[in-house]
Asker: 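Have a look at the structure that comes next, please.
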Amino acid sequence: MPQFPAGFAWGAATAAYQIEGAVAADGRGDSVWDTFCRRPGAIRDGHTGDVAADHYHRWPEDVGLMARLGITAYRFSVAWPRVQPQGHGPANDRGLDFYDRLTDALLAAGITPVPTLFHWDLPQPLEDQGGWLARDTAYRFADYAALAARRLADRIPLWITLNEPFVVTTMGYGLGTHAPGQALMLGALPTAHHQLLGHGLAMASLRSAGARQVAITNNYAPAWPASDSPADAAAAGAYDALQNRLFTDPVLLGAYPDLSAFGIGNSPGYVRDGDLALISAPLDALGVNYYSPARLSALPDSALPDSPPPDSALPFHREPIPGYPVTAFGWPVVPAGLREMLLLLRERYGQALPPVYITENGCSADDVVAADGTVDDQPRIRYLDGHLRALHEAITAGVDVRGYLTWSLIDNFEWAEGYNQRFGLVHIDFATQQRTPKASFGWYRDLIAAQRT
Ligand code: FCB
């Protein structure tokens, strides 16, 4: 592996609902994911995050694993329903105590804590009042951010406001395959703006509560047209606007991208004067999550009798990407897509692009503990190796990338897939909570050690 720049952060990432369990402990309230998991058929095999990896109780062991791994940064998320069980009002101190202890333990182990404030677990009482469809939720988010920062900001060098708002809008409110399970199609678009407004308002409240650096994490995918046809190029352009620009142009450029392919005009009613100024306040870093590219074709002919109704039709159709290995999830493994995406971001935003952290990148695999107690996850090692080489090429080409945090430290609750997709460097036996470092754990440990000498 080539040498990364001095001071480069080497880390791993997790999220509260995916690892903590203990959903009723210390005054935590319900989140939309608790509710969604109870909906019959919503989650594969009826799994829930009730216990997950029991990290809420086993965090000392998990911090010990991080120390053995030698990571210098750890991205976790703060569960809003632990801090404000009702989604508003004073802080539930017992909820904040957990993150306070975790932060101190990380610092004692020489690991930089990087908390994300919203990794999808919206307090259910806020969803009952409209969730991200309601503008008020953005203000509630800023209040919650201030409570977290007042407790932790003295020890946190870098905060992340939102994780992948694109996924919340599209899967949570557009398609209904994630919590809160609403299938509004393009009617979900106000949730994009309200999340971005929440990001802007939270940045302001974080800064006044003493936060040092603030970032947002988006997930990006190079949008490849399925053919050379102008129609497929337009489909790819529309997808690119939705995934790669909708949550980034407002933040870095202070303007929305052209959404006319979706029948959306330049200034929809839910965007008010002054919103974009808040949303585009200076950012210290951009979090980039990357898993694979997307390949798009134009819509099937809308005159066909079984085509979707016009108001639910999207101007693109996602196609498989043949010719690459796939992960256990079926996602194509395309390391060069990471370099392509980073170069595109730099070309698109130029001086407006702040330093980048890769805040997620990783691979699900069918990991099993062998009779001798080892987990030989060679596909994950190949995935990480390929993506780190592509990342290094992007850095060599001039993209300012400051760190890489792999998804994930430990196996966890993979949303609609339940426990059926394992992304961890550490295997979890969900029946016994036994932790077993995989071969990739040793590989990453050795890589970090070699990079840091
Ligand atoms: C990302 C999510 C993360 C995890 C990975 C596999 O979209 O941010 O929580 O589920 O995918």
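Hydrogens, waters and symmetry mates are skipped; everything else that's a heavy atom, side chains included, is used. One-based numbering, in listed order, for ligands and for the atoms of each.
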Asker: What do the steps show when you test R389 against L384 for side-chain contact (heavy atoms from CB on, under 4.5 Å), and what is the final call?
Answerer: CA-CA 9 Å; R389 288 175 193 278; L384 298 177; over 6 Å; no

Asker: What I'd like to find out is whether the side chain of I358 reaches to under 4.5 Å of the side chain of L338, using heavy atoms alone.
Answerer: yes

Asker: At less than 4.0 angstrom from any atom of ligand 1, which residues have a non-hydrogen atom? List them by chain and residue number.
Answerer: Q18, H119, W120, N163, E164, Y291, E360, W407, E414, W415, F423

Asker: Apply side-chain contact (heavy atoms from CB on, under 4.5 Å) to residues L246 and F166 and explain how you reach the verdict.
Answerer: CA-CA 8 Å; L246 174 57; F166 168 74; 6.0 Å; no

Asker: Please determine if R295 forms a cation-pi arrangement with Y239, meaning its NZ or CZ atom is less than 6.0 Å from the six-membered ring centre and no more than 45° off the ring axis.
Answerer: no

Asker: Going by the rule side-chain contact (heavy atoms from CB on, under 4.5 Å), which residues pair with P5 if we only count those two or more places apart in sequence or in a different chain?
Answerer: F8, I395

Asker: What's the verdict on side-chain hydrogen bond (donor to acceptor under 3.5 Å, both in side chains) for T169 and Q195, showing C-alpha distance, side-chain angles and the deciding distance?
Answerer: CA-CA 9 Å; T169 292; Q195 288 184 88; 3.1 Å; yes

